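Worth saying up front: this structure is predicted, and the values here are computed from it rather than measured.
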Amino acid sequence: MLDFTLETYKELLTVLESENYKFQTFEKFVNENSSDKIVILRHDVDRAPANAVKMALLENDMGISASYFFRIVDESYDEKSIRKIVDLNHELGYHYEDLALANGNFNNALISFENNLEKFRKFYPVKTMCMHGSPMSKWDNRKLWEKFNYKDCGISAEPYFDLNFDNVFYLTDASRSWNNEAVTLRDKVPSKFDITIRNTYEIVKLLKQKKMPNQLMISTHPHNWAANGSEWLRIKVWQGAKNQVKKILVKRNG
């Protein structure tokens, strides 16, 4: 079985379920503050919203609700896909990048953020958000909240600010590899956990061996996950080329 396919993703969900993890949306996890075995499925829809719909359908068929964070740019913001995902009982959040889009103008970025948030609230009462890494920009979108307070906008939580990653083990497939800091500029967190993950099968293996922490946030990018072999090959080639650029950016900013 190839990694980063919907078939592999389904296997991961099945094993999580068999190991008695409860699936919660990010909003619900923050509000309930539970100590149970819980996994938050977070999806950052950077592009290819049709892929996000496929993942949302798979999860819905398994009775799972996840959290989908959409960007405002055309390659992500697709109203038909957003409506479909909300109708499938998933949480909708804002994958914000307003400081980068405003080229570092904080006041313009806040206005942009508030306007974009209202667009998403046409579909769902959005209460959570997470930053988009914007690797080609020098601006870290999280810096916006050094000047303003997102709670004033009706946002209750942002994972990089409101989760304790010493309690919640964070896994991200950014750049189509797990927790690979060599090709990840901003999508990384400080954590006490020292667990190396090379592929999805290792996550499955550690779960079966009961060597994974009780609370997880698994952050995926639906455009990394393929429905068939030809799509898988196309994604692999495209992401491989992109990762070479990202390695340069990480070294430059390191």
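- Shown here is D61, whose CG atom has more than 12 heavy atoms of other residues, nucleotides or ligands within 6.0 Å.
- Applying the 6.0 Å contact sphere to NZ of K22 captures no more than 12 heavy atoms from other residues, nucleotides or ligands.
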Please tabulate, for the side chains in residues 149-156, all donor-acceptor contacts under 3.5 angstrom to protein atoms that are two or more places apart in sequence or on a different chain.
| from | atom 1 | to | atom 2 | distance (Å) |
| --- | --- | --- | --- | --- |
| N149 | OD1 | K151 | N | 2.9 |
| Y150 | OH | D162 | OD1 | 3.4 |
| Y150 | OH | D162 | OD2 | 2.6 |
| K151 | NZ | S156 | O | 2.8 |
| S156 | OG | K127 | O | 3.1 |

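- Grouping the Ile, Leu, Val, Met, Phe, Trp and Tyr side chains by contacts below 4.5 angstrom, directly or via other members, places F169 with F161.
- In this structure a side-chain-to-backbone donor-acceptor pair under 3.5 Å is present from Y201 to D3.
- In this structure a side-chain-to-backbone donor-acceptor pair under 3.5 Å is present from S191 to F165.
- No side-chain donor-acceptor contact under 3.5 Å links H132 to the backbone of Y96.
- Residue W178 forms a side-chain hydrogen bond (donor to acceptor under 3.5 Å, both in side chains) with just one option from T172, T200, D173, and that option is T200.
- Listed here is the closest heavy atom pair of S134 and W139: CB-O, 4.5 Å.
- In terms of heavy atoms, C130 sits closest to F69 at SG-CG, 3.6 Å.
- A salt bridge is absent between E158 and R142; no separation between the charged side-chain nitrogens and carboxylate oxygens falls under 4.0 Å.
- Using cut-offs of 30° and 60° for the angle between ring planes, the Y94 and F113 rings count as tilted.
- Contact between I235 and N224 at its shortest, heavy atoms only, is CG2-O, 4.0 Å.
- By the neighbour-count criterion of 12 heavy atoms within 6.0 Å, atom NZ of K37 is densely surrounded, having more than that number from other residues, nucleotides or ligands.
- Residues V126 and G93 approach most closely at CG1-CA, 4.0 Å, considering heavy atoms.
- Using a cutoff of 4.0 Å between basic side-chain nitrogens and carboxylate oxygens, E118 and R121 are scored as salt-bridged.
- For Y77, the ring-ring contact (aromatic ring centres under 6.0 Å, His included) criterion is met by F120, not counting sequence neighbours.
- With hydrogens and angles ignored, the 3.5 Å screen pairs a side-chain donor or acceptor of E91 with a backbone N or O of F26.
- Other residues, nucleotides and ligands place more than 12 heavy atoms under 6.0 Å from the CD atom of E79.
- Nearest heavy atom pair, residue V168 against residue M217, reads CG1-N, 3.6 Å.
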